Amino acid sequence: MSSTIFLRSVTFIVLLLMISVHCYSKCPSVCSCKWKNGKQTAECTGKGLTVIPSDLNVATQVIDVSRNGFTEIPSRSFQQKGLVNLQKIFIAECGITEIASDAFFQLRNLVELDLSGNKVKSIPTDALKDCPNLRRLQLAHNPINQIDSGVFSPLSHLTNLGLANCHIKHLQPGALDGLDNLESIELDGNQLTTMSIDVLKSLTELHELNLNNNPWYCDCKIQDIRKWMIEHKIPLSIPPYCEGPPSVKDLSWKSMSLDDFACPLLWFMFQPKPSLLLITMHPSFAKLMPSQKHQFTGRSVVKV
């Protein structure tokens with residue numbers, strides 16, 4: 001009796017192993033499937049793919065489909081292929097212009113997403129709502145012009161954000177709100193000339209901020225940014241340079257004191273005796289009342 005039970009147990013274990021081997025050996029011919037860095041990985045790069053390949057092992061944790069011919073990531077692209085255990089997706093340099101709002105449906109284990117080198121014009125906020133545990137998001141080399149307020153709010157666990165070499169000209173106040181655990185952000189290689197300190201104030205965990213290769217206009221707004229970086233001990237690994245004003249053009253932030261980041265003297269307070277003060281301005285006259293503040297615009301005086 002004992003020998004029969006033993007034989008049945010051995011047979012059952014062998015069958016389980018055979019099923020396991022078959023399951024883990026599933027791999028499309030266009031992919032290379034392997035254990036890599038302790039994770040079941042499918043590498044399907046540069047194969048001319050236009051859709052996520054079928055017949056991948058459902059236990060796949062990492063997929064790399066970079067340098068293929070995707071133009072969009074359609075609805076439930078990974079969930080429909082049974083790939084809900086994915087932890088990392090690399091889908092860079094594919095020409096993607098559109099990402100469906102539920103493209104990453106049920107990918108709650110996803111911790112890293114690389115969408116760099118595509119043609120995405122805005123942050124895919126709706127799609128990212130399905131990835132609440134995302135830690136690393138790479139969006140470098142996409143034609144993104146502006147970062148709107150609250151676009152990253154679903155990503156409270158994000159630690160690394162890559163926005164280098166996009167076309168970003170403006171970050172709205174609140175653009176980085178919700179990123180309570182952000183440690184590193186790359187904003188180098190964009191078209192930023194200025195930035196409000198309010199964009200950064202909520203980033204209490206930040207220790208790396210890359211701002212180089214932007215045409216910074218180094219006035220008192222940038223003074224606030226520099227002062228904040230010093231107070232929070234955030235280094236200038238690659239110092240940014242000033243594009244203007246002329247007095248500091250081509251100077252690096254690292255070589256400048258806080259006083260060098262100054263705004264032009266545009267505001268004046270007039271407190272004459274109780275009588276009208278007449279100032280002759282070309283091409284007309286401006287009457288300034290006592291104790292009123294005015295702004296010189298170059299050719300005229302504007303009452304505030």
Side-chain angles (χ1 to χ4, degrees), residues 116 122-123 125 128 134-142 144-267 295 304:
S116 61
S122 61
I123 307 301
T125 307
L128 294 173
L134 203 64
R135 300 291 194 276
R136 302 177 66 89
L137 175 61
Q138 184 56 258
L139 289 164
H141 295 278
N142 276 287
I144 300 171
N145 292 318
Q146 177 170 295
I147 307 297
D148 295 326
S149 178
V151 290
F152 296 110
S153 57
L155 305 178
S156 60
H157 296 289
L158 200 72
T159 59
N160 296 79
L161 176 59
L163 291 167
N165 297 295
C166 297
H167 297 188
I168 301 170
K169 295 181 179 179
H170 181 59
L171 281 84
Q172 289 188 353
L176 304 178
D177 281 4
L179 298 177
D180 300 334
N181 293 289
L182 194 68
E183 298 175 0
S184 173
I185 180 170
E186 300 167 355
L187 286 167
D188 47 299
N190 283 291
Q191 298 176 20
L192 293 167
T193 58
T194 190
M195 183 165 61
S196 169
I197 187 60
D198 293 333
V199 173
L200 301 175
K201 280 184 176 179
S202 63
L203 305 180
T204 57
E205 301 299 319
L206 198 71
H207 58 71
E208 183 179 4
L209 175 60
N210 294 335
L211 297 171
N212 55 293
N213 293 331
N214 280 284
W216 294 109
Y217 190 84
C218 297
D219 60 5
C220 49
K221 287 186 179 180
I222 304 302
Q223 182 188 68
D224 292 339
I225 300 292
R226 186 69 183 112
K227 184 178 180 181
W228 185 88
M229 292 180 70
I230 293 171
E231 290 175 349
H232 290 78
K233 297 180 171 60
I234 300 174
L236 290 172
S237 52
I238 303 177
Y241 281 76
C242 300
E243 185 67 23
S247 59
V248 294
K249 181 176 171 59
D250 297 330
L251 293 182
S252 77
W253 289 18
K254 198 168 186 177
S255 68
M256 297 167 64
S257 70
L258 287 176
D259 291 338
D260 291 330
F261 298 90
C263 284
L265 189 58
L266 295 177
W267 296 94
Q295 181 182 9
V304 178

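Note that the coordinates shown come from a computational prediction; the quantities given were computed from them, not determined experimentally.
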Donor-acceptor pairs under 3.5 Å, side chain of residues 197-207 to any protein atom, not counting sequence neighbours: which ones?
none

From I147, L163, L161, residue fulfilling side chain to side chain contact (heavy atoms under 4.5 Å, CB included) relative to L187: L163

Interatomic distance, S196 atom OG to I222 atom CD1 [nearest 0.5 angstrom]: 10.0 Å

Spacing of CG belonging to D177 relative to OG belonging to S153, to within rounding of 0.5 Å: 8.5 Å

Test side-chain hydrogen bond (donor to acceptor under 3.5 Å, both in side chains) applied to S255 - qualifying residues, sequence neighbours left out: S252

Full working for side chain to side chain contact (heavy atoms under 4.5 Å, CB included) between I238 and D188: CA-CA 9 Å; I238 303 177; D188 47 299; over 6 Å; no

N145 side-chain N/O to I168 backbone N/O, donor-acceptor pair under 3.5 Å: no

Donor-acceptor under 3.5 Å (Q223 side chain, F261 main chain): yes

Test side-chain hydrogen bond (donor to acceptor under 3.5 Å, both in side chains) applied to S184 - qualifying residues, sequence neighbours left out: E208

S116 backbone acceptor or donor facing Q138 side chain under 3.5 Å: no

Separation of T159 OG1 from L134 CG (nearest 0.5 Å): 9.0 Å

Check: C166 main-chain N/O paired with N142 side-chain donor or acceptor under 3.5 Å: no

L251 side chain reached by D260 side chain, heavy atoms, under 4.5 Å: no

Partners meeting side chain to side chain contact (heavy atoms under 4.5 Å, CB included) with H141 (sequence neighbours left out): N165

Side-chain donor/acceptor of D148 to backbone N/O of I123, under 3.5 Å: no

More than 12 heavy atoms of other groups within 6.0 Å of K227 NZ: no

Which residues share a side chain to side chain contact (heavy atoms under 4.5 Å, CB included) with S237, sequence neighbours left out: N210

Check: S156 main-chain N/O paired with N181 side-chain donor or acceptor under 3.5 Å: yes

Where M256 and C218 come nearest, the two heavy atoms and their spacing: CE-CB, 4.4 Å

Verdict with supporting geometry, L137 and F152, side chain to side chain contact (heavy atoms under 4.5 Å, CB included): CA-CA 10 Å; L137 175 61; F152 296 110; 4.1 Å; yes

Residue pair N190 / A164: nearest heavy atoms and the distance that separates them: ND2-CA, 4.2 Å

Closest contact, heavy atoms only, M195 versus L211: CE-CD2, 4.2 Å

Any side-chain heavy-atom pair of H157 and R135 under 4.5 Å: yes

Pairwise distance CZ(R136) to CG(N160) - rounded to 0.5 angstrom: 4.0 Å

ring-ring contact (aromatic ring centres under 6.0 Å, His included) contacts in which one or both residues fall within residues 215-245, not counting sequence neighbours: W216-W253, W228-H232

Heavy-atom closest pair, residues N214 and G189: ND2-N, 3.9 Å

Side chain proximity check, K221 to I225, heavy atoms < 4.5 angstrom: no

Check: R226 and L236 side chains under 4.5 Å, non-hydrogen atoms: yes

Nearest-0.5 Å distance that lies between atom OG1 in T194 and atom CG in L171: 10.5 Å

Inter-residue atom distance L155.CG - L176.CG, 0.5 Å rounding: 11.5 Å

